[in-house]
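Here the structure is a predicted model, which is why all the values come from computation and not from measurement.
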Amino acid sequence: MIRSVCGYCGVGCGIEFDKEKLIGEVTYPSNEGKLCSKGVSELISIETSSRLLRPHMRSTIEEPFVISSWEESINAIAKKIQQTPKEKIGFYLSGQLLTEDYYIANKLGKGFIGTNNVDTNSRTCMSSAVVAYKKSLGADFVPVRMNDIFKSDLLILAGANTAEAHVVFHNQIKRAKKQGLKVVVIDPRFTETAKSADLYLPLKVGSDIDFFNLISKRLIDEELYDKEFVQTHINNFELLKNKFKRVPLTKMLKRTGLSAEQFDAFFTLYKESKNIITAWTMGLNQSVQGVDKNLALINTHLLSGKIFKEGNGPLSLTGQPNAMGGREVGGLSTMLAVHLGFDKKSVELVSEFWKTDKIDNKPGLTATQMLDAKLDLLIICHTDPIYHLPNRNKVEALMKKIPMVVEINAYTNSESSKFAHIRLPAAPWGEKEGTQTNLDRTITKQEKLTRTSIECKPDWEIFMLLAHALGFKETFNYKNPQEIFEEYQEMTKLNAYMDIHKTSYESLKKQPFIWGENIKHFLTPDKKGNLFFVENKLLSEKTSLEYPFILLTGRTRDQWHSGTKTNLPATLLKYKELNFCEIHPKDAEALNIKEGDEIRISSIRGTLLSKALITESINEKNIFIPISNREINYLTNDLLDKESLEPDYNHSAVRVEIF
Ligand SMILES: Nc1nc2c(c(=O)[nH]1)N[C@H]1C(S)=C(S)[C@@H](COP(=O)(O)OP(=O)(O)OC[C@H]3O[C@@H](n4cnc5c(=O)[nH]c(N)nc54)[C@H](O)[C@@H]3O)O[C@H]1N2
Ligand SMILES: Nc1nc2c(c(=O)[nH]1)N[C@H]1C(S)=C(S)[C@@H](COP(=O)(O)OP(=O)(O)OC[C@H]3O[C@@H](n4cnc5c(=O)[nH]c(N)nc54)[C@H](O)[C@@H]3O)O[C@H]1N2
Ligand code: SF4
Ligand SMILES: [Mo]
């Protein structure tokens with residue numbers, strides 16, 4: 001029996017591999033050893049016929065790929081790097097890479113090639129939460145854990161559909177409910193998650209800032225905030241209080257679309273709850289004011305003092321299996337390494353640790369900026385930007401202009417492969433080993449369960465080969481992921497609060513390690529939490545007569561993003577269609593659309609086809625299309641949050657017609 005961890009979502013369920021079957025590992029996160037359909041099907045993804053098994057090259061994207069050798073492909077990339085100014089090189093990484101893969105790519109890019117253009121698809125996912133945690137708590141640190149729900153009285157889920165996106169955690173929520181936990185779901189859609197809530201609030205899309213400001217204002221006006229906690233531990237209280245004086249409750253409430261009765265019902269529950277956790281995901285992060293939405297939410301915990309105490313706190317639900325690990329390593333272009341930034345001292349510390357003088361002292365391009373920057377070389381690893389970036393027609397046009405696009409992928413059928421010049425075959429889950437950090441700081445070991453396909457290599461090794469071809473053989477001299485992990489552990493000592501060095505690769509084989517468990521205080525220089533006054537500035541795309549609907553996008557339970565990895569057999573896919581468009585009965589009637597009709601959805605940027613699913617679970621004048629429709633981003637707008645540079649995926653103006 002081998003113990004490993006699921007490579008799909010941020011819950012990070014333990015897995016036991018027993019001969020040919022995968023079963024849930026009971027220790028952590030415990031769900032009586034159960035896995036969701038994705039976890040159970042991990043093994044299928046290794047066997048699928050669409051695996052990329054050899055390196056491929058071509059000189060233009062109009063030509064077919066031809067099989068090449070590792071040596072030839074790596075040398076071609078190395079040569080291109082040597083000929084290219086470093087600001088024209090980009091590394092586009094992924095929250096699905098293992099920590100060791102991330103570490104090497106970051107070290108090579110930022111430390112030795114000297115470009116900080118090393119970013120990740122987490123930019124489209126968690127970056128708003130990262131920025132907000134840093135501003136309010138002082139570090140990108142999740143101060144509460146999933147199993148705290150068993151010690152809590154109230155769980156508020158805002159813009160998070162755990163029933164489909166964090167399935168095993170959702171099952172835990174259901175169990176906690178049996179022990180008395182109350183659950184409120186705040187979502188413009190009556191989701192699968194909402195169905196099991198004690199209270200569902202059909203908030204208007206984009207109005208979360210108003211909602212959380214309403215809570216904060218009521219806490220202050222009714223003197224319900226924790227005075228002692230605020231006085232001792234919190235900055236900016238008077239400022240916030242004064243600013244709120246000028247914002248009328250009625251205006252905020254109106255924008256949320258909720259009635260006074262609905263909000264009061266919620267607030268009564270809120271007031272009566274001793275311990276509160278607020279969890280959120282893409283409904284908040286993916287917004288042109290994603291950071292502000294996060295700050296408005298965190299404000300409520302700072303005011304009520306419901307933080308750093310069992311069963312309390314703001315819990316950002318990270319989506320990808322190792323997005324947290326990637327952030328810890330420093331895989332965002334806006335940080336350098338181990339949560340350190342680009343200030344003089346940090347650059348010195350990291351330079352000394354890596355023994356390099358190449359580190360640039362300013363942030364690099366984000367994933368959402370790279371394509372606009374006219375790069376000469378883009379290395380994409382474990383992600384599919386053509387599929388996932390907003391405003392796809394524009395993204396395609398820009399990608400076509402990059403002279404060399406390298407794609408490192410385990411499968412052949414990504415959307416970005418159509419734009420690649422070189423494709424390198426990575427060893428997927430099950431064929432490699434390493435570590436990952438789940439959404440609540442649990443570091444687990446992923447184990448190799450089967451031999452690595454002959455021509456495939458784990459991602460870390462691919463970056464190491466590239467480093468060797470560039471002449472950095474001595475610095476990138478690792479025999480296995482363990483050696484990389486151990487170097488990374490040493491490096492975490494540069495940052496006082498990162499206690500990752502307390503575990504060991506060997507002990508991780510036996511049990512996970514939760515870092516930061518002793519941190520029960522703010523990580524700002526003055527050790528105080530920061531309140532921020534934020535307002536809903538209504539910056540999202542506006543609807544019009546021509547484009548009268550707001551498009552929401554999101555997950556379906558049994559499909560993982562573009563679906564290269566989840567090729568679930570039909571028996572498991574019975575749950576839901578992968579391509580549908582939820583529309584309200586009144587809107588459908590006005591447009592003469594019947595259930596199952598083929599419909600065309602268009603925005604000012606592009607068009608796609610879908611099938612009508614008429615349901616009251618969606619608000620009027622909103623539609624929902626899952627991202628399992630690979631063409632989703634032909635429709636979406638490319639507005640970004642000005643601080644996190646995360647896209648506003650959930651707010652595009654569209655038109656719906658019968659096809
Ligand atoms: N099955 C499956 N699970 C996954 C993934 C997958 O591809 N498939 N992907 C993983 C990843 S990377 C991520 S990031 C997570 C995402 O996890 P979630 O964010 O929970 O998943 P989404 O389906 O994107 O849900 C976002 C919810 O926000 C709502 N929403 C939209 N706009 C607003 C708004 O303005 N305010 C509020 N309050 N809500 C709004 C939407 O209706 C939707 O229900 O899932 C992870 N888990
Ligand atoms: N409209 C809209 N767009 C969105 C979102 C949304 O909610 N709405 N969500 C955004 C979010 S939160 C996310 S996280 C992104 C996700 O978007 P992507 O990251 O583009 O989605 P995936 O399909 O998970 O892509 C992972 C890629 O890695 C490859 N792969 C699998 N295993 C391995 C391996 O071991 N090594 C390597 N090198 N490659 C491997 C897979 O074949 C696949 O091509 O989408 C973003 N885009
Ligand atoms: S909940 Fe997430 S980690 Fe757990 S089995 Fe499902 S996909 Fe894997
Ligand atoms: Mo994500």
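- Salt bridge annotation for Arg218-Asp264: present, with a cationic side-chain nitrogen under 4.0 angstrom from a carboxylate oxygen.
- Within the 4.5 Å cutoff, no side-chain heavy atoms of Asp210 are placed close to those of Leu253.
- Heavy atoms of other residues, nucleotides or ligands lying less than 6.0 angstrom from CD of Gln231 number 12 at most.
- Geometrically, Lys271 does not engage Phe267 in a cation-pi contact, judged by NZ or CZ lying under 6.0 Å from the ring centre and within 45° of the ring axis.
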Q.
Evaluate Lys502 against Asn518 for side-chain contact (heavy atoms from CB on, under 4.5 Å), listing each step before the verdict.
A. CA-CA 12 Å; Lys502 285 189 185 148; Asn518 296 327; 4.1 Å; yes
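- Between Ile220 and Leu303, some side-chain heavy-atom pair lies under the 4.5 Å cut-off.
- The residues Glu506 and Lys509 are annotated as salt-bridged, a charged nitrogen and a carboxylate oxygen being separated by less than 4.0 angstrom.
- Residues Thr435 and Thr444 have side chains not in contact (no heavy-atom distance under 4.5 Å, counting atoms from C-beta outward).
- Note that the CD atom of Glu535 and the CZ atom of Phe244 stand 9.0 Å from one another [nearest 0.5 Å].
- A salt bridge is defined here as a Lys NZ or Arg NE, NH1 or NH2 lying under 4.0 Å from an Asp or Glu carboxylate O, and Lys107 with Glu487 meets this definition.
- Atom CG of Leu97 is separated from atom CD of Gln320 by 9.0 Å, given to the nearest 0.5 angstrom.
- Crowding of Lys254 atom NZ: a count of heavy atoms from other residues, nucleotides or ligands under 6.0 Å not exceeding 12.
- For Gln96 against His561, the heavy-atom pair with the smallest separation is NE2-ND1, 3.8 Å.
- Using the six-membered ring where Trp is involved, Phe237 and Tyr225 have ring planes that are tilted, between 30° and 60° apart.
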Q | Test log, rule ring-ring contact (aromatic ring centres under 6.0 Å, His included), inputs Phe308 and Phe522 | A | CA-CA 9 Å; Phe308 299 124; Phe522 296 103; 5.1 Å; yes
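- With a 4.5 Å cut-off on side-chain heavy atoms, Trp280 and Pro314 count as touching.
- Checked by atom type, the side-chain pair Asn536/Ser207 shows no donor-acceptor distance below 3.5 Å.
- If you take NZ on Lys134 and OG on Ser136, they are separated by 12.0 Å, rounding to the nearest 0.5 Å.
- With hydrogens and angles disregarded, a donor-acceptor distance shorter than 3.5 Å links the side chain of Asp226 to the backbone of Phe229.
- Surrounding CD of Glu222 are more than 12 heavy atoms belonging to other residues, nucleotides or ligands, all under 6.0 Å away.
- Phe532 is not listed as a side-chain neighbour of Ile298, based on a closest heavy-atom distance of 4.5 Å or more.
- Using a 4.5 Å heavy-atom cutoff, the side chains of Asn161 and Arg555 are not in contact.
- Without hydrogens or angle criteria, Asn312 side chain to Ile277 main chain gives no donor-acceptor distance under 3.5 Å.
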Q | Trace of the side-chain contact (heavy atoms from CB on, under 4.5 Å) decision for Thr120 with Arg327 | A | CA-CA 9 Å; Thr120 141; Arg327 282 146 67 178; over 6 Å; no
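- A side-chain donor-acceptor contact under 3.5 Å links Asn285 to the backbone of Cys125.
- Within the 4.5 Å cutoff, no side-chain heavy atoms of Val118 are placed close to those of Ser333.
- A 4.5 Å side-chain heavy-atom check between Thr442 and Pro512 finds at least one atom pair inside the cut-off.
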Q: Walk me through it: do Trp515 and Phe141 pass the test ring-ring contact (aromatic ring centres under 6.0 Å, His included)?
A: CA-CA 10 Å; Trp515 77 268; Phe141 179 77; 5.7 Å; yes
Q. Given the rule in the side-chain contact (heavy atoms from CB on, under 4.5 Å) test, do Leu201 and Val184 qualify, once you have shown the distances and angles that lead to the verdict?
A. CA-CA 7 Å; Leu201 298 174; Val184 177; 4.1 Å; yes
Q: Would you check, one step at a time, whether the test side-chain contact (heavy atoms from CB on, under 4.5 Å) holds for Ile443 with Leu508?
A: CA-CA 8 Å; Ile443 303 179; Leu508 284 173; 3.9 Å; yes
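- The aromatic rings of His339 and Tyr497 are tilted relative to each other, their planes meeting at an angle between 30° and 60°.
- The pair Asp153-Lys274 fails the salt-bridge criterion, with no side-chain N (NZ, NE, NH1 or NH2) lying under 4.0 Å from an Asp/Glu carboxylate O.
- Here Glu517 pairs with Arg441 in a salt bridge; the nearest charged N to carboxylate O distance falls below 4.0 Å.
- Relative to the six-membered ring of Phe211, Lys293 misses at least one condition, a distance below 6.0 Å or an angle of at most 45° to the axis.
- Distance check, rounded to the nearest 0.5 Å: CG of Leu35 to CG of Asn171 gives 10.5 Å.
- Looking at Asp208, its side chain never comes within 3.5 Å of a backbone N or O of Leu284 through a donor-acceptor pair.
- Remark: Met146 CE to Leu315 CG distance equals 8.0 Å, nearest 0.5 Å.
- Taking CG of Leu249 as the reference point, atom CG of Asp221 lies at 6.0 Å (rounded to 0.5 Å).
- Checking side-chain atoms of Thr492 against main-chain N and O of Gln489 turns up a donor-acceptor pair under 3.5 Å.
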Q | Worked check of ring-ring contact (aromatic ring centres under 6.0 Å, His included) between His501 and Tyr488 | A | CA-CA 8 Å; His501 51 87; Tyr488 162 61; over 10 Å; no
